[in-house]
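Letters A, B, ... are given to chains in the order of the sequence lines, protein chains preceding strands, and every chain is numbered from 1. Owing to the predicted nature of the structure, the values given are computational and were not obtained by experimental measurement.
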Amino acid sequence: MTATTTTTGIPARPARSRRGAPIARLTWMLARPGADSLSTLLLPGVAFAVTTALLLTVAGGGAMFWRWPDEEWAATYQLLSGLALALLVIPLASLSGAAARLSARRRDDRLATLRLLGATGRAVVAITVLESALIASAGAVIGVVLYLAATPLVGLIPFGGAPIGAAAILLSPLWVAAIVVAIVLLAAVSAVVGLRKVVISPLGVRLKQSAPRVSWLRMLVGAVVVIVAFVTLQSFGVLPSYTAIAVAIAAAFAIGVGVLNLVGPWVIWLIARVQLSRAGTAQKLIAARTMLEAPKVAWRQVSGLAMTSFVAVVGGTGVSFLIKEGGPADQVVLFSDVRTGIIITLVASFLMVACSVGVNQASAVLDRRDLYVGLDRVGMPRGVLEAARARGIMVPLAWVSLGSAALGALLVFPLAGYALITAPASLLVIALAFAVGIALVSLALVATRPVVTRVLEHPERAQ
Amino acid sequence: MNFHDPAALLSASRLTVSYPGTRALDGVDLTVRAGESVAIMGPSGSGKTTLLHALAGIITPTSGEVIVTTEAGLVTVSALSESDRSRLRREDFGFVFQQGLLIPELTVIENASLPLLLAGQSRATAEAHAVAWLARLGLAGLERRRIGELSGGQAQRVAIARAQVTGARLIFADEPTGALDSATSRETMTALLEAATDGGRALVVVTHDEQVAARCSRIVRLRDGRLDGAERAGSEEAA
């Protein structure tokens, strides 16, 4: 089709259209695979796939205990699995949030341009929601395949004295469909939330002038909440029933999570301030400043490990002691299962944090490609760049996981000491789980190195 | 190496850079002497930035040689490994880009002292040198500010301080005033020329701006990857 021309040779203005923006066509134009597919499609797609696979595996494992054959201990298994699921909610939410934010943020610039060209806010939102939902759907379907492929391996885990088998953690198709829909909805909602700035002001997407401040009041409020909660729980007296115990555990857990989230960013901020004042190398300086720039983000990424690490040490010490003490055979099996559950929960938390770190770091590298290319050109060694990235993640990770573990060990100090002497193998397994977890996060960081390589080798293409 | 002028800081001979289907640079010769400021001009796609990158060891030319005079003696840039070229850029060259490319999380003084930290200097020494350069560039009192709190011209002067702080004798600038208004552009160029050409240093600047080029001691023009005709001397402000 050719445009008509006026007598002056200038193409005539097309007739005004009363139709709205063609959302589906614009979405395809923005999302179709091209040179930049890595950042816009592949990365969020992989993130959603991993999230879905982990969520299905965790939900399948939880559901298994609701079909537990041993009636005597079924309620105990269900309570403990509920606790484990609750512990995994935070890292899982963090991972799914990272996937959703990545999907939404990658479109900021082009959508801001669309706004400047006159697209309505509603059109921009519609394009984003549609695209994020499509990417999440594709990722979720791949995630289902990954989940099904992983079940034989997960089925080797022993509970009740024998491997559970692949069939034990298979969810019904209805549950699988519900989880896939939930993931897609989460992606759509996160996309809308992430886009508010673009819709409000197309020019205000990335303007960051001052570092956020984290108030010490967080610490004060956290301390007050702990004291009030402690006094309140004490006043309950001896808990009369199983339900009351469950409610008390749930309340203590909720308060613990709340206080941790209040205090955590402040602790990260404090650690970063101390590291900044002592930083003698470029990588330490950059890492400390990166943490100070967004202590809440640094905390959110590793916060799931705080509670898990604490519970792993306290619970692990307790069951190690109980196993050593011995008792009826079924009780020993239960304690062994609790220990297995603790280790699985700990490793699963680390795995989710590792995935979250991988997604966030790949995204961060792509977002800052101009800066990375510039620093490479002025001669910053690649090793310094990588070390700064690694420190920005591993320092909060080490402080949060090992700090929480140390706090747990301190609280059960006499028991921990006794268990260390009488049942060193049990505690060694838990220590090994920590080592594996930290190694998993390091691996996730290493896995993002090719993104840096691609950015440095082809700065014009890695967008 | 016999083409290298003993008085030159940098000599490029028969520099050619080819990509599949295109030749970005085609047999360019260039010499930069101490105290000089050389503007590289030309239309978009003429090979200006490619020439700058080849001179500075950011890319390896397909053929031809670049020789620079360093404290350690003559170095053939194109013969160095990737890590050695990286070290050369870090220790012997300074860079100023259009957007400054400063690290936004770091303060002014931390950005300016970064090259010395990378060179293994203590933080106290690195920051002391950075303070001196920042003061010379009119940024005294702004050391603890973040980059986001500065104007475009101030941020570019931080980039100039970062480029100078190691005592580099060769400064490469790629459209250093491209993102600035004309008044700020003049101020920034003054700062860059003063800082980069005294004490036996030299400046190589890629620019589209005739006014910026006119302030350099020499202008070389590129067209389709080749030097276009005779070089022209710059203005009275030439170093």
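- Chosen from Asp376(A), Val384(A), Thr290(A), Leu285(A), the residue pairing most often with chain B at heavy-atom distances under 4.5 Å is Leu285(A).
- Interface remark: Leu102(B) contributes backbone atoms only to the contact with chain A (heavy atom separation under 4.5 Å).
- Arg123(B) places a side-chain N or O within 3.5 Å of a backbone atom of Ala279(A) that can act as its donor or acceptor partner.
- Counting all heavy atoms, side chain and backbone alike, Ile286(A) lies closest to Leu114(B) at CD1-CD1, 4.4 Å.
- Of all the listed residues (Gly379(A), Gly374(A), Pro381(A), Ala288(A)), the one sharing the greatest number of non-hydrogen pairs under 4.5 Å with chain B is Gly379(A).
- Crowding of Asp26(B) atom CG: a count of heavy atoms from other residues, nucleotides or ligands under 6.0 Å exceeding 12.
- Atom NZ in Lys284(A) sits 11.5 Å away from atom CG in Leu117(B) (nearest 0.5 Å).
- Both the backbone and the side chain of Val378(A) come within contact range of chain B, with heavy atoms under 4.5 Å apart.
- Of the two parts of Arg162(B), only the side chain, counted from C-beta on, holds a non-hydrogen atom closer than 4.5 Å to a non-hydrogen atom of chain A.
- Rounding to the nearest 0.5 Å gives a distance of 9.0 Å between CD of Glu82(B) and CG of Leu456(A).
- When all heavy atoms of Phe97(B) and Arg377(A) are compared, the closest pair comes out as CZ-CB, 3.8 Å.
- Within 6.0 Å of atom NE2 in His53(B), more than 12 heavy atoms from other residues, nucleotides or ligands are found, so the atom counts as buried in its surroundings.
- In this structure, chain A has a heavy atom under 4.5 Å from the side chain of Ile58(B), while its backbone stays farther away.
- Inter-residue side-chain proximity for Pro104(B) and Glu293(A) is flagged as unmet; no heavy-atom pair is nearer than 4.5 Å.
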